[in-house]
*Asks:* 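Please see the structure below; I have some questions.
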Amino acid sequence: MADISVLLPDGSSRSLPQGSCVADLAASIGSRLAKAAVAGTINGVEVDLSAPLSEGVTVSVITDNSDEGRHVLRHSTAHVLAQAVIQLFPGAQFSIGPAIEDGFYYDFELVGGRTFSDDDLAAIEARMREIMKAAQPFVRSEMSAAEGLKLFAAQKYKCEIIERVTSGAADGSDAGEVGDSDTISVYRNTEEFVDLCRGPHVPTTAKLGHFALMKVAGAYWRGNEKGPMLQRIYGTAWESDAAVKEHLHRLEEAAKRDHRRLANELDLLSFPTELGGGLAVWHPKGAIVRKLMEDYSRQRHQDGDYQFVYTPHLANANLFAKSGHLDFYADGMYPPMEMDNGTYYMKPMNCPMHCLIFDSRQRSYRELPLRLFELGNVYRYERAGTLHGLLRIRGFTQDDSHIYCTEEQMADEIASLLDFIMSVLRRFGFEDFEFNLSTRDPEKSVGSDEIWEKATAALKEALERHGVQYKMKEGDAAFYGPKIDIDVRDAIGRKWQLSTIQCDFNLPERFGLEYIGSDGARHRPIMLHRALFGSIERFFGVLIEHYAGAFPTWLSPEQVRVLPVALAHDAYAQQVVSQLKAAGFRVDIDHADEQLGKRIRNAKTSKVPYVLVVGDDDVANGSVGVNPRGGEVERDVKVSEFISRVASEVAEGQSGGE
């Protein structure tokens, strides 16, 4: 029987016997690759290692230490979690168990409304390790939806998923369970356990084992608070025990940096229950940092030839019908308000109102690019179970810009936006960026092929001009245009999606936007959406966690705290405070009502960059003792020298990245 030839990612080819699978390819390349292999791709589609190969296909091997490989490990571990729970808790219902960033979860409903305890988690983890040690194979099979409903007749959530997918009502939570056809796939570990899944999975449970169960939480089915409350078990899984330990250490660091705890401890802001979920009030210290952020944003936009606009917080429903938000985003909007002259909504986005400003009079090509900027408040209804401090909130402020330009201007404008975004992010202490380019989904898009190609090419050109590496997310763009998402990594390596550049062909068409070109004819402008911070609230939450609350001096709400050693030194301490305030510093005094050691500890806990201690010698010499955050104590520093030194530090921080 003749061999087959397959193509590898580097463009080379490899011959294999007829009937070979992805695992055979990995073994033919080397034993190390075979050991690390967990799945593969054939012509770009992820498959099990047992998937057969045919002549001319392009094949890659997915290894356990890649992002894709870890996803497979986590999804497979989630299946073993479900298997263990079903064995230990007869009658349990299991719903969905996806891989998520750094881990996985599975949602269950136990008989009689029982909840999992810490002892239960230990027992479940022990049973999972028994299953993994048994090296049970993951065996894939396919069947019709009718057969699937029969197989899972005792599992109501699995049946609901099958019915939703086959009826066309599926959402993202169903994506990992069933494909978008009438055929469904399942994976069986034993005669007793089978799960609904698209795959791929590792060949056997012996490929797993580097995992930990983390916690139990309540989770509404499909995130609907009116639906049943399920029990969600979270876990993490990696390619080695060392990777698990490293991840657990990062989690410990993340807990120390939780912005919700730090915001309360540092008196930055709070979430009073009287306000309702997802709404914050900013305390004076937090408001200082916010003002610095907003002032900086305004100045950079002013320098960048943006025109400032303001728009109302609510609008008539007709506006959001025209923009398409009522068609595509109604679930994320607050309920309508019936007024005496129509139906009104709190605005979820600023862009429709900016289109009204563009359309308020005839525009000439000489006015383009027209860059509109607003620090605009928007309101989006987030389900209670998804709220998370400032990172997922219901009322927030976007540093929102919409740029109207010609097709010819688009590439230069996007390149300029990338410069703008990266300089702003660097200014706030971020240096590690990741870029993602999302392209058209032909089934869900508006606009001509030509304009999509031009816009995508412009985004690519801008990225390549900057010499940055980027990932392609095929078919992941919004329906109205391609986009660049910019992620940053914080001080402990976590990734945050912050800034976006989004092309839009939809709104200019919906609003009939036009400008008069140099040829005297009417033309449709290209619209670019752009947010630097994303939102003030989310960016502030990320900043708190990035710096663990210890903001750089230029951004700290309190830059200096002066401590008189005793009451006799209060008058001199007040003089120092006055000098520092006159120099433009944010300074406070902690009078000698308590022991000096306690007051120094309080200042350190408050993460004040500089603590100045003044005693007899300082009164006599016009000096201070400088106790810097994270540095060595200095004695007998002249006040003028300290002011000069810190002024230089603040100036350098304020100009950083520009």
Side-chain angles (χ1 to χ4, degrees), residues 96 100 107 164 169-175 217-230 232 259-260 263 269-282 311-339 342-355 374-400 402 444 478-480 485 496-498 500 502 504 506-507 510 529 531 533-542:
I96 57 172
I100 56 176
D107 289 347
R164 283 172 60 87
D171 60 20
S173 63
D174 304 308
Y220 289 110
W221 174 231
R222 298 192 179 281
N224 183 359
E225 59 267 29
K226 295 180 181 178
M229 172 66 79
L230 306 182
R232 175 171 295 177
H259 75 279
R260 296 166 297 181
L269 52 85
S270 59
F271 296 87
T273 55
E274 295 88 344
L275 275 182
L279 300 168
V281 289
W282 294 68
T311 58
H313 292 228
L314 75 168
N316 192 286
N318 293 333
L319 176 66
F320 300 120
K322 185 174 185 177
S323 68
H325 286 92
L326 286 181
D327 293 330
F328 295 99
Y329 299 105
D331 288 346
M333 296 170 67
Y334 271 92
M337 295 173 281
E338 298 300 331
M339 313 286 275
T343 301
Y344 285 74
Y345 284 89
M346 302 299 289
K347 66 175 178 180
M349 297 180 184
N350 300 303
C351 38
M353 297 180 184
H354 290 191
C355 286
E374 176 179 15
L375 284 169
N377 294 332
V378 296
Y379 305 89
R380 298 180 188 173
Y381 177 67
E382 302 284 358
R383 295 189 181 278
T386 66
L387 298 174
H388 184 77
L390 293 174
L391 305 181
R392 196 73 179 266
I393 196 167
R394 287 172 169 165
F396 52 93
T397 304
Q398 290 186 307
D399 60 330
D400 218 358
H402 296 96
K444 299 176 182 178
F479 71 95
Y480 48 81
D485 285 325
W496 303 91
Q497 198 279 306
L498 293 177
T500 298
Q502 171 80 63
D504 188 344
N506 176 56
L507 285 183
R510 281 180 173 268
H529 301 252
F533 295 145
S535 79
I536 297 292
E537 288 78 2
R538 176 176 165 80
F539 194 82
F540 185 56
V542 173

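We're numbering straight along the sequence, starting at 1.
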*Asks:* To the nearest 0.5 Å, how far apart are CG in Leu314 and OH in Tyr345?
*Replies:* 12.5 Å

*Asks:* Taking all non-hydrogen atoms of both residues, which atom of Leu507 and which atom of Cys355 are closest, and how far apart?
*Replies:* CB-SG, 4.0 Å

*Asks:* Would you give the length of the straight line joining atom CG of Asn316 to atom NZ of Lys322, rounded to the nearest 0.5 angstrom?
*Replies:* 12.0 Å

*Asks:* Do any N or O atoms from the side chain of Arg232 and from the backbone of Ala217 form a donor-acceptor pair under 3.5 angstrom?
*Replies:* no

*Asks:* Provide the closest heavy-atom pair for Glu338 versus Thr343 in the form atom of the first, atom of the second, distance.
*Replies:* OE1-OG1, 2.8 Å

*Asks:* Going through the distances and angles, do Asp400 and Met349 end up as a side chain to side chain contact (heavy atoms under 4.5 Å, CB included)?
*Replies:* CA-CA 9 Å; Asp400 218 358; Met349 297 180 184; 5.7 Å; no

*Asks:* Which heavy-atom pair separates Thr386 from Arg392 by the least distance, and what is that distance?
*Replies:* O-CG, 3.1 Å

*Asks:* Grab the two heavy atoms, one from His325 and one from Pro348, that are nearest each other, plus how far apart they are.
*Replies:* CD2-CG, 4.3 Å

*Asks:* Run Trp221 and Ile96 through side chain to side chain contact (heavy atoms under 4.5 Å, CB included) and show every step you take.
*Replies:* CA-CA 9 Å; Trp221 174 231; Ile96 57 172; 4.3 Å; yes

*Asks:* Could you state the interatomic distance from CG (Asn377) to OG1 (Thr397), rounded to the nearest 0.5 Å?
*Replies:* 3.5 Å

*Asks:* How close do Gly278 and Ile393 get, counting heavy atoms only, and between which atoms?
*Replies:* O-CG1, 2.7 Å

*Asks:* Whether the side chain of His259 engages the backbone of Leu390 through a donor-acceptor N/O pair (distance < 3.5 Å, no angle test) should be reported.
*Replies:* yes

*Asks:* Do Ser535 and Gln398 meet the criterion of a side-chain donor-acceptor pair at a distance under 3.5 Å?
*Replies:* no

*Asks:* Which of these passes side chain to side chain donor-acceptor pair (under 3.5 Å) with Tyr379: Arg394, Lys347, His313?
*Replies:* His313

*Asks:* Between OH of Tyr344 and CG of Leu319, what distance do you get to the nearest 0.5 Å?
*Replies:* 10.5 Å

*Asks:* Nearest 0.5 angstrom please: Asp331 CG to Arg383 CZ, how far?
*Replies:* 7.0 Å

*Asks:* Please work out whether the ring planes of Tyr334 and Tyr381 are parallel, tilted or perpendicular, with thresholds of 30° and 60°.
*Replies:* perpendicular

*Asks:* Could you tell me whether Glu537 and Arg380 have a side-chain N and a carboxylate O separated by less than 4.0 Å?
*Replies:* no

*Asks:* Return the CG to CZ distance between Leu391 and Arg260, rounded to the nearest 0.5 Å.
*Replies:* 8.0 Å

*Asks:* Please step through side chain to side chain contact (heavy atoms under 4.5 Å, CB included) for the pair Phe396 and Val378, ending with a clear verdict.
*Replies:* CA-CA 6 Å; Phe396 52 93; Val378 296; 3.2 Å; yes

*Asks:* Of the non-hydrogen atoms in Gly227 and Tyr220, which two are nearest, and what is the gap between them?
*Replies:* O-CD2, 3.6 Å

*Asks:* Between Glu374 and His402, is any pair of side-chain heavy atoms under 4.5 Å apart?
*Replies:* no

